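See structure below.
By convention in this document, chain letters (A, B, ...) are assigned in the order of the sequence lines, proteins followed by strands, and residues within each chain are numbered from 1. This structure is a prediction, so every number in the text was calculated from the model and none was measured. Heavy atoms only: backbone and side chains are in, while hydrogens, waters and symmetry mates are out.
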2 protein chains.
Amino acid sequence: MTGHARGGRRPEILETFTRHVAQHGYDRANFGDVAAELGMSKGTIVHHFGTKDRMLAEVQESYMRRRLAEAHAMFARLPGAGERIAALVHAGVRYSADEPATTVAFQREVVRLVDRPGMESARGLRDEYRDLVVGVLADGEADGTFLPGDARLRSLQMFGSLHWMWTWFDPAGRLAPAEVAAEFAVTLLRGLGMDEPAARAAADPAGEVAAVVGDVLAGVVAVSRS
Amino acid sequence: MTGHARGGRRPEILETFTRHVAQHGYDRANFGDVAAELGMSKGTIVHHFGTKDRMLAEVQESYMRRRLAEAHAMFARLPGAGERIAALVHAGVRYSADEPATTVAFQREVVRLVDRPGMESARGLRDEYRDLVVGVLADGEADGTFLPGDARLRSLQMFGSLHWMWTWFDPAGRLAPAEVAAEFAVTLLRGLGMDEPAARAAADPAGEVAAVVGDVLAGVVAVSRS
DNA sequence: GTGAACTGACCGCACGTACGGGCAAAGTGT
DNA sequence: ACACTTTGCCCGTACGTGCGGTCAGTTCAC
């Protein structure tokens with residue numbers, strides 16, 4: 001009756017490990033606890049993933065791969081720089097609400113992508129994402145949507161706000177995720193030099209940008225799986 | 001010759017431990033490495049600090065205490081909400097440049113202030129700092145300096161940008177610390193709804209705000225040690 | 001003499017992971 | 001249909017290592 005499932009227990013191991021990393025951090029997340037929670041042996045985890053490092057690398061890579069694909073899908077529907085930035089902010093907040101464990105695990109352990117053997121692939125994906133954002137900021141500056149400024153610095157300022165969310169964000173908190181995203185977006189877009197009405201329109205949780213983000217994250221729009 | 005100094009080796013232990021936490025994170029920083037680097041025994045560290053937890057708590061508390069005192073000293077000289085926010089940004093960047101180890105150690109381990117026994121005091125100081133910022137944002141909103149918005153959310157957006165700096169900031173990098181601070185500040189102040197000339201004036205690295213920050217951090221202005 | 005600073009040996013434990021074996025499903029030949 | 005082999009999932013145990021913390025004892029300043 002309890003035969004071996006086709007996919008095996010691999011997915012649930014990954015999911016539980018991710019949750020433990022999100023809650024306690026990579027160093028304190030350990031095979032023993034994960035195995036105990038799933039009622040399996042530590043050996044099973046090793047069988048599927050080899051080492052702890054590789055398991056984290058897998059979490060980071062799959063996370064970044066999905067985020068990149070979604071970004072491209074959103075950009076295909078939103079040509080304006082302001083709208084694209086707003087979409088990334090809305091999507092960023094949605095990730096924290098929809099997949100809190102994976103998002104927190106990613107954000108609190110991003111630093112391990114640097115100079116850690118086996119993490120080159122994940123780091124490459126992350127660099128690609130950053131370049132994407134820097135490109136949008138530069139485009140917006142070139143076409144006059146934003147005031148002149150250092151695109152790289154602006155991207156870091158933006159990433160900081162979003163990556164820090166894991167320390168305080170509560171999806172069931174006082175403000176709904178879309179409201180948090182709207183506040184963040186409008187402050188950021190105004191800061192980049194967008195005029196008030198345009199910033200509000202792009203950030204609007206009931207507007208077109210939010211709708212596109214919703215469609216992409218719900219899978220309504222095809223997301224290319226490279 | 002190598003007599004027992006009165007103050008003991010306490011300060012250098014704390015400094016080295018802080019640097020190790022900054023470089024490798026709290027979990028991977030260990031007594032053995034610190035002791036070896038200082039040419040002393042692990043027992044000495046235990047003698048002075050008791051436990052590893054307490055050592056981190058001490059780092060966090062002294063860091064926050066200094067930052068709070070400086071914030072109060074700066075506020076005494078800068079009555080305007082926009083100038084105060086600009087000063088906090090300038091100071092935040094300066095911390096990363098002047099005391100990189102302590103700042104990084106603090107920022108990457110802030111999360112341990114939550115629900116960790118022995119960290120109540122440090123957490124209290126941090127809450128106090130956050131309330132200070134929220135207060136400034138609320139004041140600025142009340143007197144029309146900033147457009148209406150959620151002060152708490154805005155403070156989190158601001159903290160995020162600054163706390164994330166430890167992952168990328170290089171004091172000897174392409175842009176000087178003051179330039180980074182100016183870019184950050186102008187983007188933030190515009191985002192809060194300040195008009196362009198006022199935002200630029202407050203963020204100006206050669207302006208009054210930056211001068212006050214410089215004076216306070218250089219100890220020119222008396223900083224109350226509560 | 002008293003107490004703080006410091007040493008070095010040692011303990012206990014948590015954790016990553018290597019290894020050997022068991023067992024069910026899928027594949028293969030007749 | 002049936003026996004045989006192969007394959008992949010999973011378990012249990014055991015090992016090595018690294019680390020936080022203990023403790024008895026020594027040295028030195030006052």
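For residues 23-45 of chain A, proximity to DNA chain D is found at A:Gly39, A:Met40, A:Ser41, A:Gly43, A:Thr44, defined as any non-hydrogen atom under 4.0 angstrom from a strand atom. DNA chain C lies under 4.0 Å from no heavy atom of any residue of residues 105-114 of chain B.
The side-chain tip of B:Arg54 does not point at the ring of B:Phe49 from less than 6.0 angstrom away and within 45° of straight on.
To the nearest angstrom, C1' of C:dA5 lies 10 Å from CZ of B:Arg9. Rounded to whole Å, atom C1' of D:dC10 lies 12 Å from atom CD of A:Glu12. Going from atom NE2 of A:His48 over to atom C1' of D:dC10 covers 7 Å, rounded to whole Å. D:dG8 atom P lies 17 Å from atom CD1 of A:Ile13, rounded to whole Å.
A salt bridge between B:Glu70 and B:Arg94 is absent, with no side-chain N of the basic residue lying under 4.0 Å from a carboxylate O of the acidic one.
Counting only residues at least two apart or on different chains, the side chain to side chain donor-acceptor pair (under 3.5 Å) pairs with a member in residues 20-32 of chain B are A:Asp27-B:Arg28, A:Arg28-B:Asp27, B:His20-B:Glu37, B:Tyr26-B:Asp53, B:Asp27-B:Arg112. A ring pair (Phe, Tyr, Trp, His ring centres under 6.0 Å) check over residues 93-123 of chain B, counting only residues at least two apart or in different chains, returns the pairs B:Tyr63-B:Phe106.
Every residue meeting the salt bridge (charged side-chain N to carboxylate O under 4.0 Å, His left out) condition with B:Glu15, not counting sequence neighbours, appears here in chain and number order: B:Arg19. By the salt bridge (charged side-chain N to carboxylate O under 4.0 Å, His left out) test, B:Arg152 pairs with no residue at all, sequence neighbours left out.
Neither OP1 nor OP2 of C:dA4 sits under 4.0 Å from any side-chain N or O of B:His47.
Rounded to the nearest 0.5 Å, atoms CD (A:Gln107) and CG (A:Leu162) are 7.5 Å apart.
Between A:His163 and B:Trp164, the ring-plane angle classifies as perpendicular under the 30° and 60° cut-offs.
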